[in-house]
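Note that this is a predicted model, so its numbers are computed, not measured.
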Amino acid sequence: MTSPIVRVHWLNESRAFRVLWLLDHLKIDYEIVPYKRGADKRAPESLKKVHPLGRSPVLEIEDRETGKKKIIPESGFIFQYVLQHFDKSKILGNDDPDKADQIQYYLFYSEGSLQPPLMIEFILSLAKESPAPFPVSYLVGKVADKISEKYSKGELKNQLDFIENEISKNNGYLVDGKLSAADILLSLPLQMAFARGFAKAEEYPNIQVWSKNIKAVDSFESAKEKAEALGAKF
């Protein structure tokens with residue numbers, strides 16, 4: 001049975017890098033179909049020809065014999081599909097059913113629990129930075145601070161505290177003391193939390209060491225080179 005053609009529909013300034021990293025670590029041959037955001041920061045209409053939502057990443061699997069194509073959107077679903085169909089040796093999965101379930105949990109946790117408060121903090125920061133005359137700018141800032149204090153800031157801390165503790169219990173990783181798909185998927189939202197100043201690095205030493213360690217693999221560097229060739233910045 002021949003292996004399928006694997007394509008990653010890549011959009012600059014998107015979450016697609018993690019899919020390259022995942023595929024590179026599993027040594028899966030794949031093609032990259034690049035797209036570029038317009039001046040309005042929106043994805044081009046051509047991406048909607050791949051999937052109606054016009055978002056990235058999208059994984060495309062094409063049967064070499066029949067030409068039949070399967071379109072797989074959403075990062076968590078992409079990771080789940082790749083683990084199920086391409087990681088037979090459990091390189092980024094786990095032979096232990098309970099630990100395999102834990103990896104699956106994180107694939108849903110990333111978007112279901114971690115991303116919402118992080119996204120709200122990001123939107124509030126944009127509101128506070130938007131140009132507006134006084135006193136509108138002052139009022140916007142006050143409202144944004146209130147929303148952050150009442151929900152997103154405290155909830156983001158709750159999530160980061162949880163991850164910090166989980167890493168300490170799992171010998172420096174999220175599951176079973178070794179790199180898994182969970183680590184790769186959570187790398188981006190955690191990176192953004194600190195890069196955007198929503199959390200202080202010194203308060204989360206385990207996450208800082210974890211972040212450094214998971215990137216010290218050849219697959220991260222090879223994926224980074226491909227992303228940089230497409231214009232990504234690190």
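- Rounded to the nearest 0.5 Å, atoms CZ (Arg42) and CZ (Arg55) are 8.5 Å apart.
- Using a 4.5 Å heavy-atom threshold, the side chains of Phe79 and Ile103 count as separate.
- Tracing side-chain contacts under 4.5 Å through hydrophobic residues (I, L, V, M, F, W, Y), one never reaches Val50 starting from Leu230; they form parts of separate clusters.
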Checklist entry - Does the pair Val58 and Val33 meet the rule for a side-chain contact (heavy atoms from CB on, under 4.5 Å), with working shown? => result CA-CA 10 Å; Val58 173; Val33 184; over 6 Å; no

Checklist entry - Where do Phe194 and Ile207 land on the side-chain contact (heavy atoms from CB on, under 4.5 Å) test, with the steps shown first? => result CA-CA 10 Å; Phe194 295 100; Ile207 294 178; 3.7 Å; yes

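- Minimum heavy-atom separation, Leu156 to Pro117: N-CB, 3.8 Å.
- Counting heavy atoms from C-beta on, the side chains of Phe220 and Ile214 never come closer than 4.5 Å.
- Contact check for Asn170 versus Asp176: no side-chain heavy atoms found under the 4.5 Å cut-off.
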Next on the checklist: For Tyr204 and Leu190: C-alpha separation, side-chain torsions, deciding distance, then whether side-chain contact (heavy atoms from CB on, under 4.5 Å) applies.
Outcome noted: CA-CA 11 Å; Tyr204 298 96; Leu190 290 175; over 6 Å; no

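- Put simply, the side chain of Lys128 reaches to within 4.5 Å of the side chain of Asp145, judged on heavy atoms.
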Tell me which donor-acceptor pairs under 3.5 Å the side chains of residues 106-113 have, and how far apart each pair is, sequence neighbours excluded?
from   : atom 1 : to     : atom 2 : distance (Å)
Tyr109 : OH     : Gln159 : OE1    : 2.8
Glu111 : OE1    : Arg15  : NH1    : 3.0
Glu111 : OE2    : Arg15  : NH1    : 2.7

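- Leu11 and Val6 sit in two unconnected hydrophobic clusters of ILVMFWY residues. Membership requires side-chain heavy atoms under 4.5 Å apart, directly or through other members.
- Proximity of Tyr30 to Leu20: side-chain heavy atoms (C-beta onward) are separated by under 4.5 Å at one or more points.
- Rounded to the nearest 0.5 angstrom, Asp183 CG and His25 NE2 are separated by 10.0 Å.
- By the neighbour-count criterion of 12 heavy atoms within 6.0 Å, atom NZ of Lys178 is densely surrounded, having more than that number from other residues, nucleotides or ligands.
- The environment of Glu155 atom CD is dense: over 12 non-hydrogen atoms of other residues, nucleotides or ligands sit within 6.0 angstrom.
- Within the model, atoms CZ of Arg196 and CD of Gln191 stand 9.5 Å from one another, a figure rounded to the nearest 0.5 Å.
- The two residues Pro4 and Ile61 make their nearest non-hydrogen contact at CB-CG2, 3.7 Å.
- Contact between Leu118 and Met192 at its shortest, heavy atoms only, is CD2-CB, 4.3 Å.
- Taken to the nearest 0.5 Å, the CD atom of Glu62 stands 9.5 Å off from the CD1 atom of Ile71.
- In the hydrophobic clustering of this structure, Leu188 does not group with Val209; members are Ile, Leu, Val, Met, Phe, Trp, Tyr whose side-chain heavy atoms approach within less than 4.5 Å, directly or through other members.
- Note that CG of Leu59 is 8.0 Å distant from OH of Tyr81, once rounded to the nearest 0.5 Å.
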Could you list the donor-acceptor pairs under 3.5 angstrom formed between side-chain atoms of residues 82-91 and any protein atom two or more places apart in sequence or on another chain?
from  : atom 1 : to    : atom 2 : distance (Å)
Asp87 : OD1    : Lys90 : N      : 3.2
Asp87 : OD1    : Ile91 : N      : 2.7
Asp87 : OD2    : Ile91 : N      : 3.2
Asp87 : OD2    : Leu92 : N      : 2.8
Asp87 : OD2    : Gly93 : N      : 3.1
Lys88 : NZ     : Gln84 : O      : 3.0

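- Here the side chains of Glu121 and Ser148 are in contact, with some heavy-atom distance below 4.5 Å.
- Linking ILVMFWY residues whenever their side-chain heavy atoms come closer than 4.5 Å, directly or via other members, places Phe77 and Ile184 in the same cluster.
- Between Gln102 and Asn94 there is no side-chain heavy-atom pair separated by less than 4.5 Å.
- When atom types are taken as modelled, the side chain of Gln80 and the backbone of Gln104 share no donor-acceptor pair closer than 3.5 angstrom.
- Using a 4.5 Å heavy-atom cutoff, the side chains of Leu53 and Pro73 are not in contact.
- Side-chain heavy atoms closer than 4.5 Å link hydrophobic residues (I, L, V, M, F, W, Y) into clusters, and following such links, even through other members, never connects Ile28 to Ile5.
- Ser56 places a side-chain N or O within 3.5 Å of a backbone atom of His9 that can act as its donor or acceptor partner.
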Checklist entry - So Ser46 and Tyr35, side-chain contact (heavy atoms from CB on, under 4.5 Å) or not? Walk me through it. => result CA-CA 8 Å; Ser46 56; Tyr35 301 82; 3.5 Å; yes

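- For Asn165 (side chain) and Phe162 (main-chain N/O), no donor-acceptor pair under 3.5 Å exists by modelled atom type.
- Atoms CD and CG, on Glu203 and Asp161 in that order, are 8.5 Å from each other to the nearest 0.5 Å.
- Smallest separation of non-hydrogen atoms from Ala223 and Asp24: N-OD2, 3.2 Å.
- With hydrogens and angles ignored, the 3.5 Å screen pairs a side-chain donor or acceptor of Arg37 with a backbone N or O of Glu13.
- The heavy-atom pair separating Gly54 from Ala43 by the smallest distance is O-CB, 3.5 Å.
- A side-chain donor-acceptor contact under 3.5 Å links Glu164 to the backbone of Asn206.
- The minimum heavy-atom distance between Ser3 and Arg64, with the atom names listed, is O-NE, 2.6 Å.
- Distance alone, capped at 3.5 Å, is enough to place a donor-acceptor pair between the Arg18 side chain and the Leu185 backbone.
- In this pair, Phe17 and Trp21 present their aromatic rings tilted. The plane angle is within the 30 to 60° band.
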